[in-house]
Amino acid sequence: MSLRDEESFELRNEKLARLRTRGVDPYPPRFHRTHTSEAATQTFVEWERAGAAGEPPTVVAAGRMTAQRDMGKATFVDLRDGSGKIQVYLKSDVLGEKAYAGLRDLDLGDFLGVRGSLFRTRAGEVTVEAAEYTLLAKSLQPLPEKWHGLVDTETRYRQRYLDLIANDDVRQLFALRSAIIDAIRRFMVGRGFMEVETPVLMPEAGGAAANPFVTHHEALDRDLYLRIAMELHLKRLIVGGYDRVFEIGRIFRNEGISTKHNPEFTMMESYEAYADYNDVAAMVEELVSWVAKETLGTTLVPFDDGTIDLAPPWRRLTVHDALKEYAGVDLEHYRRDEPGLRTLVRDMGIDAAPDAGWAKLVDELLSAAVEPKLLQPTFLMDYPAPLSPLAKRKPDNPDLVERFEPFGGGLELGNAYTELNDPVDQRQRFLEQARRKAAGEREVEMLDEDFLLALEHGMPPCGGLGIGIDRLVMLLSGKRSIREIILFPQLRSK
RNA sequence: GGGCCGUUAGCUCAGCGGUAGAGCUCCGGACUUUUAAUCCGGGAGUCGAGGGUUCGAAUCCCUCACGGCCCUCCA
């Protein structure tokens, strides 16, 4: 349902026509203000503080009219701009009767410019006493009503501009999101990482196990995939000699939509030569706690009923130990017993796919029995190799890889590992994935010959990281739905 | 893909077999320091769409659409 009111629309169009008849341009091309609403208030406060000598300051301000209090021969209106709002006092004897009567053709939602001197009302509010006013843009649709604001979720998402107008907390939330991304960028650049851009359109969608979107290039007459990760391109740049690169960008995965998943989402990936996953873990806990301090002023984040402390060091827990602690499962007993593990998983009431292999079963166990319990920030470390075809094996146990995932608030925040730089092992791991695909598994890593060619030229030891920006914003803002922190989330088309 | 809940005026909601309601918005009137301005008066609806049951449906039943939550899926 869209917020549209035919009756108001017609009335407002009539006013628009009247304005034009009177020679008023309802959409003038420009208006130069001297002060934002915030600056205007500030200017007056400073003038008062300096002794309020002489004439009060004069300002030219502008904004959307969000309230109108008509007292007969005088009217108060609120003008809201990006910095806040300022009250304007319009008086018949100051403006002249004709100009004052012109207010009748204005509506809530119109943009106005005003020029006038500042004063403080009886109630103490800094206010512009308008010497003149100018219509800057006529609004033909009514705004959401002021008491209850806009609550309807569908309208809030489909007409996000109304959500932003009506709900100040939403405005602040997306400003926070922007600040978080800005802080991440500053952190990475401060550490000597270079920001790069790599292709979104790819001949093969690699770097993760996910279902891609397919599109078609007309001139080349070939299908292309929207990227599901940046990994394979960024590692080529490490091969190319950059020691530290990162990218913040959109990733697309053709999968289910939920409160934790949007088909397009924002990822930050970084790769650092001569680092391993322990170095990356240290960087992640510093990054997240620093970003929290920069944007929220604290590392203590309220989430659900509790508080999450993002200050380093974060708990480090191997997958093996986590399963023992949270699920009461000792993987040692099932090391070579896939049917036994499957039975156990089933008995725990976890719905695993019938074709799930040993590693996948471990993954299911983690998702169901461990991850939701990881409220305080935790690194889950050392994953089974078959789940991680791009990660380097642990030297003392080739069944495991040097990989960790950071968790907080029960949310998976990212993924990191010591990058596999052995081109022979990498080829074998791709082939193993291909075997699993042939055996019926849907989402596996695709073999990428160009990437292998790059690795064959030699890649230094390297630590890589992917952080889900949306999940991080959820954690830092305490929001449990990803749709609340994406401006225009994917919805069904109407 | 499955389950549960929801959809009534522009907004926020009540009504749940017998004449479609409230507050705010909106419209008209009064008011030159209001700020949820106040006071007086007024308009407002295919009750999400379609079908069925009934003398009679916003209300009960079925189908569909959209949304929310939970599963499934998904690093």
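Sequence lines set the chain letters: A, B, ... in the order given, protein chains first and strands last, and positions in each chain run from 1.
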Only pairs at least two apart or in different chains count here, so list each salt bridge (Lys or Arg N to Asp or Glu O under 4.0 Å) that has a residue in [range].
range                       : value
residues 400-410 of chain A : A/Arg403-A/Glu405
residues 112-124 of chain A : A/Glu48-A/Arg120, A/Arg115-A/Glu132
residues 60-74 of chain A   : A/Arg69-A/Asp78
residues 365-378 of chain A : none

Rounded to whole angstrom, note down the [atom1] distance from [N] over to [M].
N     : M     : atom1 : result
B/U25 : B/G45 : C1'   : 15 Å
B/A37 : B/C24 : P     : 11 Å
B/G68 : B/C60 : C1'   : 25 Å
B/U46 : B/A58 : C1'   : 12 Å
B/C39 : B/U34 : P     : 15 Å
B/C73 : B/C5  : P     : 24 Å
B/U54 : B/U59 : P     : 16 Å
B/G10 : B/C71 : C1'   : 37 Å

Expressed as a whole number of angstroms, how long is the span from [X]:[atom1] to [N]:[atom2]?
X        : N     : atom1 : atom2 : value
A/Arg12  : B/C27 : CZ    : P     : 8 Å
A/Met65  : B/U25 : CE    : P     : 14 Å
A/Phe76  : B/U38 : CZ    : P     : 15 Å
A/Gln141 : B/C26 : CD    : P     : 14 Å
A/Asp78  : B/U25 : CG    : C1'   : 16 Å
A/Leu11  : B/A44 : CG    : C1'   : 12 Å
A/Gln68  : B/U38 : CD    : P     : 14 Å

- Item | A/Tyr89: partners by ring pair (Phe, Tyr, Trp, His ring centres under 6.0 Å), with sequence neighbours left out | A/Phe76, A/Phe119
- Kindly check if the number of other-residue, nucleotide or ligand heavy atoms within 6.0 Å of CD (A/Glu432) is above 12? yes
Pairing partner of [N] (Watson-Crick or G-U wobble, both distances under 3.5 Å):
N     : result
B/C73 : none
B/G18 : B/C55
B/G6  : B/C66

Tell me whether the side-chain N or O atoms of [X] pair up with the base of [N] as donor and acceptor below 3.5 Å, since no angle test is needed here.
X        : N     : value
A/Thr121 : B/U34 : yes
A/Arg69  : B/U34 : yes
A/Thr127 : B/U33 : no
A/Glu125 : B/U33 : no

- Message: I need a per-nucleotide contact map over nucleotides 67-72 of chain B, read 5' to 3'. Cutoff is protein heavy atoms under 4.0 Å; write B for the base, S for backbone only, - otherwise.
- Response: SSSS--
- Start at the 5' end of RNA chain B and walk down; is the nucleotide closest to A/Glu269 or to A/Met71 reached first? A/Met71
- Result for 5'-nearest mapping on RNA chain B, choosing between A/Arg120 and A/Met267, is A/Arg120
- Taking the side chain of A/Arg122 as its heavy atoms from C-beta onward, which of B/U32, B/U34, B/C73 lies nearest to it? B/U34
- Where the side chain of A/Phe119 is defined as all heavy atoms beyond and including C-beta, which of B/U32, B/U33, B/U35 is the nearest nucleotide? B/U33
- Determine the minimum heavy-atom distance between A/Glu445 and A/Gln433, stating which atoms define it. N-OE1, 3.0 Å
- Scan residues 94-113 of chain A against RNA chain B and write down, sorted by residue number, each residue with any heavy atom closer than 4.0 Å; if none is found, say none. A/Arg104, A/Asp107, A/Leu108
- Which part of the nucleic acid, if any, lies within contact of A/Asp93, taking any heavy atom under 4.0 Å across all strands shown: a base, the sugar-phosphate backbone alone, or nothing? base
- Flag for A/Thr121-A/Thr127: side-chain donor and acceptor within less than 3.5 Å: no
- Query: Taking only side-chain nitrogens and oxygens of A/Lys15, does any of them come within less than 4.0 Å of OP1 or OP2 of B/C27?
  - Reply: yes
- Nearest-0.5 Å distance, OG of residue A/Ser139 to CG of residue A/Leu108: 9.0 Å
- Only counting residues at least two apart or in another chain, list the ones meeting side chain to side chain contact (heavy atoms under 4.5 Å, CB included) with A/Ala327. A/Leu323, A/Val329, A/Met348, A/Ala369
- Item | With A/Glu231 via salt bridge (Lys or Arg N to Asp or Glu O under 4.0 Å) - residues at least two apart | A/Lys235
